[in-house]
Visitor: 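Got a structure for you, questions after.
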Amino acid sequence: MRIVVVSDTHMPRMAKKLPDRLLKELEKADAIVHAGDWTKLSVYEQLAAFGPVYGVAGNNDGAELQAQFGLRKLLKFEECRIGVVHGHGAAKRSSTEAHAIEAFKGTKLDALVYGHSHIPVRKTVAGLLVFNPGSPTDKRRQPKYSFGIFDISGSALRAKHVFYEDKA
């Protein structure tokens with residue numbers, strides 16, 4: 001099973017359309033996960049043309065998106081349990097990542113997906129895959145735009161980033 005993982009699309013402010021590099025991977029996706037800051041429901045509609053979309057709302061998403069997606073989601077693909085949260089609301093003394101991990105404290109997960117920082121992350125923390133896809137449309141101070149791909153087979157999950165320079 002192939003899952004495309006995105007966050008922080010901030011559309012249409014940061015891009016009028018989904019980037020071509022992302023579209024290429026969406027064509028092969030079995031599912032799509034969005035970790036918040038869609039900013040418009042039209043982003044969901046564009047992604048849904050490629051397959052089932054699961055996501056959460058971020059700090060830049062209005063009441064309509066918060067009502068539709070909520071702020072925290074537990075997903076199961078094959079035998080993998082994936083927690084999804086945007087990660088906003090972290091106190092000054094904790095990082096976005098620490099805040100995201102705390103959101104699922106006590107919940108058995110194989111992977112945690114979060115966004116908010118626009119900084120791509122793929123690492124293991126106490127046996128948990130912690131993954132931030134970055135942003136496909138708003139790289140901020142990052143050298144490249146990015147999103148993620150999860151390949152899942154049973155209980156095995158492989159995660160990678162896709163990096164590119166042009167969001168067209």
Visitor: If I compare all heavy atoms of Ile32 with all of Ala29, which pair ends up nearest, and what's the gap?
Guide: CG1-CB, 4.3 Å
Visitor: Keeping the roles fixed (side chain from Arg122, backbone from Ala159), state whether a donor-acceptor pair exists under 3.5 Å.
Guide: yes
Visitor: How far does OG1 of Thr9 sit from NZ of Lys40, to the nearest 0.5 angstrom?
Guide: 12.0 Å
Visitor: Closest heavy-atom contact between Gly87 and His99?
Guide: O-CD2, 3.4 Å
Visitor: Mind checking whether His88 and His86 have parallel, tilted or perpendicular rings, split at 30° and 60°?
Guide: tilted
Visitor: Would a single hydrophobic cluster contain both Tyr44 and Val113, if residues Ile, Leu, Val, Met, Phe, Trp and Tyr are joined by side-chain heavy-atom contacts under 4.5 Å?
Guide: no
Visitor: How about Val121 and Tyr114: do any of their side-chain heavy atoms sit closer than 4.5 Å?
Guide: yes
Visitor: Flag the pair Phe50 / Glu27 as yes when at least one side-chain heavy-atom distance between them is below 4.5 Å, and no otherwise.
Guide: yes
Visitor: Determine whether Leu71 and Val84 fall in the same hydrophobic cluster, where Ile, Leu, Val, Met, Phe, Trp and Tyr are linked whenever their side-chain heavy atoms lie under 4.5 Å apart.
Guide: no
Visitor: Do Lys139 and Lys167 touch side chain to side chain, with heavy atoms closer than 4.5 Å?
Guide: no
Visitor: Quick check: does any side chain N or O of Lys73 sit under 3.5 Å from a backbone N or O of Gly55, one acting as donor and the other as acceptor?
Guide: yes
Visitor: Just so I know, are the side chains of Leu112 and Phe104 near enough to count as touching, which here means a heavy-atom distance under 4.5 Å?
Guide: yes
Visitor: On a heavy-atom basis, which atom in Glu78 and which in Gly154 lie closest, and how many Å separate them?
Guide: OE1-N, 2.5 Å
Visitor: Would you indicate whether Lys17, at its atom NZ, is surrounded by more than 12 heavy atoms from other residues, nucleotides or ligands within a distance under 6.0 Å?
Guide: yes
Visitor: Output the distance between atom CD1 (Ile101) and atom OG1 (Thr96), rounded to the nearest 0.5 Å.
Guide: 11.0 Å
Visitor: Check whether any side-chain heavy atom of His10 sits under 4.5 Å from a side-chain heavy atom of His118, and report yes or no.
Guide: yes
Visitor: Sequence neighbours left out, cut at 3.5 Å: what donor-acceptor pairs do the side chains of residues 123-136 make with other protein atoms?
Guide:
from	atom 1	to	atom 2	distance (Å)
Lys123	NZ	Glu97	OE1	3.3
Lys123	NZ	Glu97	OE2	2.9
Asn132	OD1	Gly134	N	2.8
Asn132	ND2	Gly115	O	3.2
Asn132	ND2	Ser117	OG	3.1
Asn132	ND2	Ile119	O	3.4
Ser135	OG	Asp8	O	2.7
Ser135	OG	Thr137	N	3.2
Ser135	OG	Asp138	N	2.9

Visitor: Ring centres under 6.0 Å, that's the criterion: do Phe150 and Phe77 meet it?
Guide: no
Visitor: So, the side chain of Trp38 versus the backbone of Val56: is there a donor-acceptor pair under 3.5 Å, distance only?
Guide: yes
Visitor: According to side-chain hydrogen bond (donor to acceptor under 3.5 Å, both in side chains), who are the partners of Thr107, at least two apart in sequence or on a separate chain?
Guide: Arg72
Visitor: More than 12 heavy atoms of other residues, nucleotides or ligands under 6.0 Å from CD of Glu165: yes or no?
Guide: no
Visitor: Sub-3.5 Å donor-acceptor pair from the side chain of Thr39 to the main-chain atoms of Met11, do we have one?
Guide: yes
Visitor: To check you understand the geometry: which heavy-atom pair defines the closest contact between Ser155 and Glu79, and what is its length?
Guide: CB-OE1, 3.7 Å
Visitor: Can you hop from Val43 to Phe69 via hydrophobic side chains spaced under 4.5 Å?
Guide: yes
Visitor: Taking side chain as C-beta onward, heavy atoms only, is Val5 less than 4.5 Å from Ile149?
Guide: no
Visitor: Please check if Leu22 and Phe163 belong to a single hydrophobic cluster, counting links between Ile, Leu, Val, Met, Phe, Trp and Tyr side chain heavy atoms closer than 4.5 Å.
Guide: no
Visitor: Of Leu75, Val53, Ile82, which is the lone residue that meets side-chain contact (heavy atoms from CB on, under 4.5 Å) with Val33?
Guide: Leu75
Visitor: Could you state the interatomic distance from CZ (Arg81) to NZ (Lys76), rounded to the nearest 0.5 Å?
Guide: 7.0 Å
Visitor: For Arg141, what residues pass the salt bridge (Lys or Arg N to Asp or Glu O under 4.0 Å) criterion, not counting sequence neighbours?
Guide: none
Visitor: Are Met1 and Leu26 connected in a single hydrophobic cluster, I mean Ile/Leu/Val/Met/Phe/Trp/Tyr linked by side-chain heavy atoms less than 4.5 Å apart?
Guide: no
Visitor: Is a side-chain donor or acceptor of Ser95 paired with a backbone partner of Ala98 at a separation under 3.5 angstrom?
Guide: yes
Visitor: Just how far is it from atom CZ of Phe147 to atom OG of Ser7, taken to the nearest 0.5 Å?
Guide: 13.5 Å
Visitor: Does Tyr145 reach the side chain of Pro19, with side-chain heavy atoms less than 4.5 Å apart?
Guide: no
Visitor: Taking the side chain from Asp37 and the backbone from Asn60, do they hold a donor-acceptor pair closer than 3.5 Å?
Guide: yes
Visitor: Asp30 side chain to Ile3 main-chain N or O, any donor-acceptor pair under 3.5 Å?
Guide: no
Visitor: At their closest point, which heavy atom of Leu109 faces which heavy atom of Gly83, and how far apart are they?
Guide: CD2-N, 3.5 Å
Visitor: Between Leu65 and Leu41, is there a side-chain heavy-atom distance shorter than 4.5 Å?
Guide: yes
